[in-house]
Amino acid sequence: MMTRFLVLFLLFSWGKGMSQEEIVHSVYFDFDKAEVNEKQVKDMVAFVKGTDSTRIESIQIYGYTDDVGKEDYNFKLSTKRAGTIQTKLVETELPTKLL
């Protein structure tokens, strides 16, 4: 079965004049689905909690699909997948600064 993925980017600020470090965490979705299972949610939350939150400048969530299907449908699915991840992060007990 083909899977699609959503990538969660955490961008860390190293201070003025210094470059940013990107740390990526991927969440994989089943074909044509936007739901994640509890293990994926736990892994995602552990990943975010394991970072140095004092250095996080922003969290960027990108949803992706493959090229099967119409462009409009894939855009809606990728947006829904990104929304699912955002909702799961908000529902957790992460520090307010991260949300």
Side-chain angles (χ1 to χ4, degrees):
M1 176 181 280
M2 294 181 69
T3 58
R4 270 90 165 185
F5 62 94
L6 176 104
V7 180
L8 174 67
F9 286 100
L10 299 178
L11 301 177
F12 293 83
S13 173
W14 295 98
K16 291 185 179 184
M18 300 180 84
S19 64
Q20 292 181 340
E21 175 184 356
E22 291 183 11
I23 299 176
V24 178
H25 180 76
S26 298
V27 176
Y28 295 91
F29 292 89
D30 287 333
F31 179 78
D32 202 30
K33 302 289 183 203
E35 297 83 28
V36 292
N37 63 44
E38 288 305 310
K39 181 183 180 333
Q40 289 173 306
V41 172
K42 287 179 184 179
D43 290 347
M44 179 177 51
V45 170
F47 170 77
V48 174
K49 285 184 175 180
T51 62
D52 180 2
S53 65
T54 62
R55 300 179 78 180
I56 293 177
E57 183 177 288
S58 66
I59 295 176
Q60 298 178 14
I61 303 170
Y62 298 95
Y64 294 95
T65 64
D66 60 19
D67 60 356
V68 175
K70 296 188 180 206
E71 188 174 330
D72 287 345
Y73 179 80
N74 285 340
F75 177 77
K76 289 176 186 174
L77 180 59
S78 64
T79 300
K80 190 172 182 179
R81 288 175 172 177
T84 296
I85 298 302
Q86 180 182 11
T87 299
K88 293 298 182 182
L89 286 173
V90 169
E91 289 174 351
T92 63
E93 297 180 14
L94 293 174
T96 307
K97 176 193 180 305
L98 296 179
L99 301 176

Trainee: Does K39 have any side chain to side chain donor-acceptor pair (under 3.5 Å) partners at least two apart in sequence or in another chain, and if so, which?
Mentor: D43
Trainee: Search all heavy atoms of K80 against all heavy atoms of A34 and return the closest pair with its distance.
Mentor: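 Scanning both residues completely, I find the closest heavy atoms to be CG-CB, 3.8 Å.
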Trainee: For residues T84 and V27, determine if any side-chain heavy atom of one lies less than 4.5 Å from a side-chain heavy atom of the other.
Mentor: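 Answer no - side chains too far apart.
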Trainee: Looking at OH of Y28 and CG of N37, how far apart are the two atoms once the value is rounded to the nearest 0.5 Å?
Mentor: 14.0 Å
Trainee: Do H25 and V48 touch side chain to side chain, with heavy atoms closer than 4.5 Å?
Mentor: no
Trainee: Compare all side-chain heavy atoms of I85 with those of F29 and state whether any distance is below 4.5 angstrom.
Mentor: yes
Trainee: Taking atom CG of D30 and atom CD of E35, what is their separation to the nearest 0.5 Å?
Mentor: 9.0 Å
Trainee: Which distance, rounded to the nearest 0.5 Å, do you find between the OG1 of T79 and the CD of Q86?
Mentor: 11.5 Å
Trainee: Under the side chain to side chain contact (heavy atoms under 4.5 Å, CB included) test, which residues partner Y73, sequence neighbours left out?
Mentor: D32, L77
Trainee: For residues D66 and N74, report the shortest heavy-atom separation together with the two atoms involved.
Mentor: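 Looks like O-ND2, 3.2 Å.
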Trainee: Can you name the closest pair of heavy atoms from K88 and E38 and give their distance?
Mentor: NZ-OE2, 4.3 Å
Trainee: How close do G63 and S78 get, counting heavy atoms only, and between which atoms?
Mentor: O-CB, 3.3 Å
